[in-house]
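All values derive from a computational prediction rather than experimental measurement.
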Amino acid sequence: MKNNRFVFDTNTLISAVILPRSTPAFALQKAEKEGFLFASLTTFNELEEVIHRKKFDKYVPLETRLTFLHRYRSLTLFLPITQHVADCRDPKDNQFLDIALAAQRI
């Protein structure tokens, strides 16, 4: 039975799609098999924006990245954020802790 909860930041997901045999890719595969993926609309929108960046064209075609994005969306449970934290050195990373807290309540 799947009881584990997983939250991936944008950089990890980008690494997983660009480097399919990398540690981030293997971590995502394991998460898909052993638990539930969680995100918020904000973090998904960030991923969608980043995945469209032309600088990644030299590594992986846009079509491959979009296929990854659609698959990720279909596997992910989207949570409303009701509690905010400010514990990360980089304030942009707090949104991922917010998701983890929300997922804990499920």
Side-chain angles (χ1 to χ4, degrees):
M1 187 163 114
K2 294 174 154 185
N3 286 328
N4 298 314
R5 296 168 180 96
F6 297 92
V7 176
F8 288 92
D9 70 6
T10 303
N11 289 335
T12 302
L13 293 170
I14 293 295
S15 293
V17 70
I18 289 176
L19 302 166
R21 300 192 54 75
S22 64
T23 299
F26 292 135
L28 182 57
Q29 290 168 15
K30 184 172 179 146
E32 290 172 11
K33 290 177 187 168
E34 296 183 10
F36 298 97
L37 302 172
F38 291 96
S40 69
L41 290 177
T42 303
T43 60
F44 184 80
N45 290 338
E46 178 183 274
L47 175 63
E48 186 173 33
E49 185 272 318
V50 172
I51 220 161
H52 278 88
R53 291 182 182 167
K54 293 221 177 269
K55 71 180 184 178
F56 297 121
D57 289 347
K58 62 184 172 184
Y59 303 108
V60 179
L62 179 59
E63 183 178 329
T64 301
R65 299 189 318 263
L66 292 178
T67 299
F68 172 88
L69 184 68
H70 292 295
R71 184 169 189 281
Y72 176 74
R73 179 175 40 208
S74 73
L75 295 171
T76 300
L77 299 169
F78 291 89
L79 299 175
I81 302 305
T82 57
Q83 182 179 358
H84 295 280
V85 295
D87 293 337
C88 294
R89 283 180 291 182
D90 183 350
K92 286 184 69 178
D93 289 336
N94 287 323
Q95 63 188 341
F96 300 101
L97 292 179
D98 295 342
I99 298 164
L101 287 174
Q104 228 176 12
R105 290 186 223 111
I106 293 180

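Taking CZ of F44 as the start and CD1 of I51 as the end, the distance is 8.0 Å to the nearest 0.5 Å. We find the CZ-CD1 distance between F36 and I106 to be 9.5 Å, quoted to the nearest 0.5 Å. Separation of atoms CG (L41) and CD (E48) is listed at 10.5 Å; rounding is to 0.5 Å. Interatomic distance, CG of L62 versus CG of L69, reported as 10.0 Å (0.5 Å rounding). Taking CD from Q83 and CG from L97, the interatomic distance works out to 10.5 Å, rounded to the nearest 0.5 Å. Interatomic distance, L47 CG to H52 NE2, rounded to the nearest 0.5 Å: 10.0 Å.
More than 12 non-hydrogen atoms from other residues, nucleotides or ligands lie less than 6.0 angstrom from CZ of F26. For E63, the CD atom sits in a loose shell: 12 or fewer heavy atoms of surrounding residues, nucleotides or ligands are nearer than 6.0 Å.
A pairwise comparison of heavy atoms in K55 and K58 identifies O-CG, 3.6 Å as the closest pair. Between A39 and T43 the shortest heavy-atom distance is CB-OG1, 3.6 Å. When every heavy atom of A102 is checked against every heavy atom of P80, the shortest pair comes out as CB-O, 3.9 Å. Smallest separation of non-hydrogen atoms from A16 and S22: CA-OG, 4.3 Å.
By the criterion of side-chain heavy atoms lying less than 4.5 angstrom apart, applied directly or through intervening Ile, Leu, Val, Met, Phe, Trp or Tyr residues, F38 is grouped together with F96 in one hydrophobic cluster. Residue F68 is grouped with residue F56 when hydrophobic side chains (ILVMFWY) are merged at heavy-atom distances under 4.5 angstrom, including chains of intermediate members. At a threshold of 4.5 Å between side-chain heavy atoms, the hydrophobic network of Ile, Leu, Val, Met, Phe, Trp and Tyr places V7 and L75 in two separate groups. Criterion: ILVMFWY side-chain heavy atoms under 4.5 Å apart, direct or through other members. Under it, Y59 and V50 are part of a common hydrophobic cluster. L37 and L66 fall within the same hydrophobic cluster, defined by Ile, Leu, Val, Met, Phe, Trp and Tyr side-chain heavy atoms under 4.5 Å apart, directly or through other members.
Sorted by first and then second residue, the side chain to side chain donor-acceptor pair (under 3.5 Å) pairs with a member in residues 7-17 read D9-T12, T10-E46; sequence neighbours excluded. Among residues at least two apart or in separate chains, side chain to side chain donor-acceptor pair (under 3.5 Å) pairs with a member in residues 65-80 are E32-R71, D57-R65, H70-R73.
Of the possible donor and acceptor atoms, none in the side chain of D87 sits under 3.5 Å from a partner among the backbone N and O of N94.
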Quiz prompt | D98 vs S40, side chain to side chain contact (heavy atoms under 4.5 Å, CB included): CA-CA, chis, key distance, verdict | solution = CA-CA 9 Å; D98 295 342; S40 69; over 6 Å; no
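Below 30°, between 30° and 60°, or above 60°: for F6 and F8 the angle between ring planes is below 30°, a parallel geometry.
In this structure, the side chains of T82 and R105 come closer than 4.5 Å at one or more pairs of heavy atoms.
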